[in-house]
Structures are given as structure tokens and as C-alpha cells.
*Asks:* 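The structure under discussion is supplied below as C-alpha cells; questions concerning it will follow.
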Amino acid sequence: MKILVTGAAGFIGFHLSKRLLERGDEVVGIDNLNDYYDVNIKLNRLKMLETQSKFEFVKGDIADRDAIDTLFKHHSFDRVVNLAAQAGVRYSIENPHAYISANIVGFTNILEACRHNKVAHLSYASSSSVYGANTKQPFSEHDNIDHPVSLYAASKKANELMAHTYSNLYGLPTTGLRFFTVYGPWGRPDMALFKFTKGILEDQPIDIYNNGNMIRDFTYIDDIIEGVVRVTDKIPEPDPDWNGDAPDPATSFAPYRVYNIGNNNPVKLMDFVEAIENAIGKKAIKNMMPMQAGDVPATRADTSALAKDVGFKPDTSVTDGINRFVSWYRDYFKV
Ligand SMILES: NC(=O)c1ccc[n+]([C@@H]2O[C@H](COP(=O)([O-])OP(=O)(O)OC[C@H]3O[C@@H](n4cnc5c(N)ncnc54)[C@H](O)[C@@H]3O)[C@@H](O)[C@H]2O)c1
């Protein structure tokens, strides 16, 4: 297949492109290479992808309508996976407009291009953050998600709503991917594992939010990719049992689905830190901090829909995943 991966120079986009190329797909990757975090890591990910003859990179912004129209004029895509977005909860407090541009305007352009070019399936990154203020655990796709607590979360929920309208109006099959805290080699420098590893290795204090009283369903990158590939291969169909008198948020009368892709095995933040200390062989200097605005204290994915529909359940242990990340980090930065 010929697959468009947006955000291909990003953490998940890089791993997904690599995996699709390995199985023989042709991949076109688009990314604007913005400097939200160290651009070198994006360029180095791209360097690895560009060794593959079936990979083509286009530098461009998904919020640029002309650029997206031109891209779709030059290529006929069997699938589109939209991962390009302004990520991060905390950054959305200071930089709201970045989220509207990439996540709302950009996603509109992708929807329109998929509609007019009759793409067989659009899958797109949503996030566990859509569960917002919900406290019922584990988080299920059947739950109502009307209480986002950050603009980032609201932009991801908006993507799901926008996708639903396109699935309804134009019969465009869409699948939303609610990722739960993704970590692993080539991970994002703005996320906890990267920052903690760097801090510990450099004897710098690490900031621990909510005094460590956080629980996260950390999900290893290879598990995320396995889930994304399986879900992208499965084109959603209308749910014949969907009933507007008791509307189930998880499915629809239209070809629309959303899936949690998470570990269903949440870890206390302090245990996560301890696992990193063990992997490095050194104790962290901990700077206990209050809860950050926009953050949620606990996440846990109900993954039964993923298991039922595509026969996959993430299962990499945090210890294995952290060990693999730390070896990558030491190798990449030669420390
Ligand atoms: N990593 C996680 O834990 C996590 C969790 C939930 C959801 N997500 C979502 O998954 C997707 C991928 O996340 P990631 O961790 O790989 O983030 P990332 O920041 O590493 O990747 C996103 C990539 O998109 C690019 N990009 C941003 N805006 C763009 C635009 N307007 N046009 C073109 N390219 C643009 C960036 O340069 C970056 O390379 C995002 O949509 C993110 O919101 C990630």
C-alpha cells in the first residue's frame, strides 16, 4: 500500500514509518520539523528513514491547505495516518494557538483531502487526555468524554468529533487512536522518561509533579505501533447495533471507531522513577512539585475493544521498556 504518515519525523511517526517500510509498504512522510523540541532528533530519525528507497519525505505544514492539496495531487494514498500535531499538555497553557493551527486547521485539511481523494481509511492520533476529569477506571471508549481539562485534550476530542462528521457525511472510514503515555527509544525530549534519564545521568534534579502521586499507563512504543498497524489495516464499518436512543460513544451508525491503545497496567510515578534509577544504576535528585494545571492524576486503558477487534493487547513491561530506552539514550548521546 501507499501510506501517508503525517508527523513522520516525530517519535511515533518515525517508528510507524519504519515498521510500514519493513513490511513492504510505500511511505510518504510529511512533517514541518518545528522546534517544539530539539530538531536534531527529528532530523536523525528522518536520516534513518531516508535510507529506505520506498520512503519519500516532504517538508510541509498540514495547516497549509495548498501544500496538502498539492501533496494529494501528486500521490494516490491507500491509507492516511495523521500523527502530526502539537503535542503536550503543559505547553498548551502557554501556546494555545499552536494547537488550533496544527490540530484543528491541520486536521481539517487532512479530512478534506481524504474526502476529495476517496482515501479508503484515515486513522489519526487522539489521546488518553480526552478522558479529562473522568475518574472511573479503567478509561473505556464507551465512557462520555465531555470534560477535557486542557486545550490539548479539547483539540483531540474535537478531532474525534470532526472525524465523525466526515464518516457520516462522506462515508470516509475513520479511526481515532487514543494513545496512553508512549515511551521508548527515540522518544520525546519533553516527556518524563527522557527528562528523568537526562537529569539522573547529569546529576541534575528532576521535577516530580503532584509530589509523585501520579499513576500512568505507560505504553511501550512497539506495542503502540503494533496497535496502530493492526487498526489501520482494519477499515471500520457502521455498527448495525448502534442506537441513537442510547448513543454509545465508542461506535456509530457511520464507519467510525475510536480505540484505546494503552498498557492496562498502570504504574506509580515513583516506581517508574525507581525503575529508571535501577536501569541507570544511580539515584535521582528529586524536586517534588505540585500538580501541574491541565494534567490528570491517573490514567488506565481499558483495551478490551482493541483485543476484540484486532486481537492485540500491549504487554511490554515497564522494566523492559525502560531498559531499552536507557540503552538507546546512552548509545545515542554517547554517555
Ligand atoms: N507520545 C505520547 O505519549 C502521545 C500520547 C497521546 C497522543 N499522542 C499523539 O500522537 C501523535 C504523535 O505524537 P509524538 O509523541 O510522536 O509527538 P512528536 O511531537 O514527536 O511528533 C509530532 C510530529 O509532527 C510534526 N508536526 C507538528 N505540527 C505539524 C504541522 N502543523 N504540520 C506538519 N508536521 C507537524 C512535528 O514536527 C513532529 O515531528 C500526536 O498527535 C500526539 O498528540 C502522543
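Just follow the structure's listing: the first ligand is 1, and inside any ligand the first atom is 1.
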*Asks:* By side chain to side chain donor-acceptor pair (under 3.5 Å), which residues pair with Ser304, not counting sequence neighbours?
*Replies:*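 Checked Ser304 against side chain to side chain donor-acceptor pair (under 3.5 Å); matches are Asp302.
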*Asks:* Scan for side chain to side chain donor-acceptor pair (under 3.5 Å) pairs involving residues 185-203, sequence neighbours excluded, and state none if there are none.
*Replies:*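 Every side chain to side chain donor-acceptor pair (under 3.5 Å) pair that includes a residue of residues 185-203, provided the two are not neighbours, is Tyr36-Asp190, Arg188-Asp190, Lys198-Glu202, Asp203-Lys282.
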*Asks:* Between ligand 1 and the protein, find all N/O pairs closer than 3.5 Å and give the distance for each.
*Replies:*
unit_1   : atom_1 : unit_2 : atom_2 : d
ligand 1 : 1 (N)  : Arg188 : NH1    : 3.3
ligand 1 : 3 (O)  : Val182 : N      : 2.8
ligand 1 : 15 (O) : Arg188 : NH1    : 2.9
ligand 1 : 16 (O) : Phe11  : N      : 3.2
ligand 1 : 16 (O) : Ile12  : N      : 2.8
ligand 1 : 20 (O) : Phe11  : N      : 2.9
ligand 1 : 20 (O) : Tyr37  : OH     : 2.5
ligand 1 : 26 (N) : Asn32  : OD1    : 3.4
ligand 1 : 31 (N) : Asp61  : OD1    : 2.7
ligand 1 : 32 (N) : Asp61  : OD1    : 3.4
ligand 1 : 32 (N) : Ile62  : N      : 2.9
ligand 1 : 34 (N) : Asn32  : N      : 3.1
ligand 1 : 34 (N) : Asn32  : OD1    : 3.4
ligand 1 : 37 (O) : Asp31  : OD1    : 2.6
ligand 1 : 37 (O) : Asn32  : OD1    : 3.4
ligand 1 : 37 (O) : Lys42  : NZ     : 2.8
ligand 1 : 39 (O) : Gly10  : N      : 3.2
ligand 1 : 39 (O) : Asp31  : OD1    : 3.3
ligand 1 : 39 (O) : Asp31  : OD2    : 2.6
ligand 1 : 41 (O) : Leu83  : O      : 3.1
ligand 1 : 41 (O) : Lys156 : NZ     : 2.8
ligand 1 : 43 (O) : Tyr152 : OH     : 2.7
ligand 1 : 43 (O) : Lys156 : NZ     : 3.2

*Asks:* Please report the interatomic distance CG(Leu20) to OG(Ser17), rounded to the nearest 0.5 Å.
*Replies:*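 It is 6.5 Å, given to the nearest 0.5 Å.
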*Asks:* Does Phe194 have its ring centroid less than 6.0 Å away from the ring centroid of Tyr37?
*Replies:*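 They do not qualify: ring centres at least 6.0 Å apart.
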*Asks:* Are any non-hydrogen side-chain atoms of Asn117 and His75 less than 4.5 angstrom apart?
*Replies:*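 Contact flag for Asn117/His75 side chains = no.
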*Asks:* Can you pull out every side chain to side chain donor-acceptor pair (under 3.5 Å) where at least one residue sits in residues 86-99? Sequence neighbours excluded, please.
*Replies:*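 Every side chain to side chain donor-acceptor pair (under 3.5 Å) pair that includes a residue of residues 86-99, provided the two are not neighbours, is Arg90-Asp295.
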